[in-house]
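Order of appearance sets the numbers: ligands from 1, and atoms from 1 within every ligand. Only heavy atoms go into these numbers, but all of them, side chains included; no hydrogens, no water, no symmetry mates.
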Amino acid sequence: MKKTLLGAGIAFTLLLSPFQQAFAAETTGELRKFDNVAHRGASGYAPENTIAAFDKARAMKADYIEIDVQRSKDGKLVVIHDTSVNRTTDGTGYVKDLTYEQLQSLDAGSFKGEQFSGEKIPSFEEVLDRYRGKIGILIELKAPELYPGIEEEVAQELRERNMDKPQDNKIIIQSFNFETMKKMNALLPKIPMGVLTSSKAHTTDQALEEFATYADYFNPSYGIVSKELVDKVHALGMKISSWTVRSHEAAQFLIDMKVDAIITDYPDYVDPRMGVK
Ligand code: G3P
Ligand code: CA
């Protein structure tokens, strides 16, 4: 188990009888609370990975925004999902082959609707400065194998802002690249780390035990989630966040599975009280 505090929490919970655990859950509601994570911002309602989508997530009172971090040709960390700009902007080419100035000149909003025209690809710095302390940030290192050294650069941006202390800022880092996550855990030991997968091969006891040596979260696509998997992940002292909810049925399924966080394009599908603001 990676984190002492997490271990202590579990040890405390295990001291309770099953009846007491159920009672605590029913009466406090806390043990069953899950985080509502706006995937690439509230991307069902605004262009993904833009300030418009992140502001929308805040307005909807999501607990976290999820962002994808990559790097421009001239070394600036930027927030965009695909490794090329083709789908979400009016430009073409790979993120890694375009300078920050070139990326900034692109329209990253119109693909979602004309009312969003003029939205820009945000820089990582801009997102940290605008949202730190206001909403949690789930930072995904997207395709880090394309960006040698990006782990240290992300760590440095967080350290410079004193955001490497989890008690003050809700920050979690995740990636599909497990070697990157091991590096991140060594660089920022106090920040919770997550491993992303959609592969059942990563849900064996052996694989999960290995993840638990450096990760705090096991974050699978919802198609491979089961109650058994949730229990196994919890027994190893990790939490489980699942993605990507784009229907009411998927939201209900993950609520029933009692995952710790639900990553969704539509925060109101997970909590209907939110409404679309
Ligand atoms: O946060 C989970 C999710 O973002 C992983 O998939 O492709 O949307 O980055 P993707
Ligand atoms: Ca992502």
Check your understanding: Less than 6.0 Å separating the ring centroids of Tyr217 and Trp243?
Key -> no
Per-atom filter on ligand 1: closer than 4.0 angstrom to a heavy atom of Arg40 are 7 (O), 8 (O), 10 (P)
When distances are taken from atom 2 (C) of ligand 1, the protein heavy atom at minimum range is Trp243 CG, 3.5 Å
Between Glu140 atom OE1 and Glu66 atom OE2, the angle centred on the Ca ion (ligand 2) rounds (to 10°) to 90°
The remaining residues in the hydrophobic cluster of Ile224, counting side-chain heavy-atom contacts under 4.5 Å among Ile, Leu, Val, Met, Phe, Trp and Tyr, are none
Note: ligand 1 atoms sitting under 4.0 Å from heavy atoms of Phe176 are 5 (C), 6 (O)
- [ ] Answer yes if the side chains of His39 and Asp265 hold a donor-acceptor pair under 3.5 Å, and no otherwise.
- [x] yes
of all protein heavy atoms, closest to atom 10 (P) of ligand 1 is His81 NE2, 3.3 Å
of all protein heavy atoms, closest to atom 1 (O) of ligand 1 is Gln174 NE2, 2.9 Å
Within 4.0 Å of some non-hydrogen atom of Leu196, the atoms of ligand 1 are 2 (C)
d(Met163 CE, Lys190 NZ) to nearest 0.5 Å is 15.5 Å
Under 4.0 Å from one or more heavy atoms of Asp68, ligand 1 contributes atoms 9 (O)
Should Thr244 be counted as touching ligand 1, given the test is an N or O pair under 3.5 Å?
-> no
Here the atoms of ligand 1 under 4.0 Å from any heavy atom belonging to Ile263 are 1 (O)
Restricting Asp68 to its N/O/S atoms, the closest one to the Ca ion (ligand 2) is OD1
re atom 4 (O) of ligand 1, the protein heavy-atom contact at minimum distance is Glu66 OE2, 2.7 Å
- Query: Hey, what's the ring geometry for Phe211 with Tyr214, parallel, tilted or perpendicular (30° and 60° as the breaks)?
  - Reply: perpendicular
Atoms of ligand 1 under 4.0 Å from any heavy atom of Lys142, numbered from 1 in the order shown, are 7 (O), 9 (O), 10 (P)
heavy-atom search around atom 3 (C) of ligand 1 in the protein gives His39 NE2, 3.5 Å
Would His202 and Phe218 count as a close aromatic pair, with their ring centres under 6.0 Å? no
Any side-chain donor-acceptor pair under 3.5 Å between Tyr147 and Gln70? yes
Heavy-atom nearest pair, His81 first then Arg87, reads ND1-NH2, 4.0 Å
Counting from 1 in the order shown, the ligand 1 atoms closer than 4.0 Å to a non-hydrogen atom of Glu140 are 4 (O), 5 (C), 9 (O)
**Report entry** Over-ring placement of Lys96 relative to Tyr94, 6.0 Å and 45° cut-offs
**Finding:** yes
Report task. Examine the side chains of Ser72 and Asp74 and answer whether a donor and an acceptor come within less than 3.5 Å of each other. Result -> yes
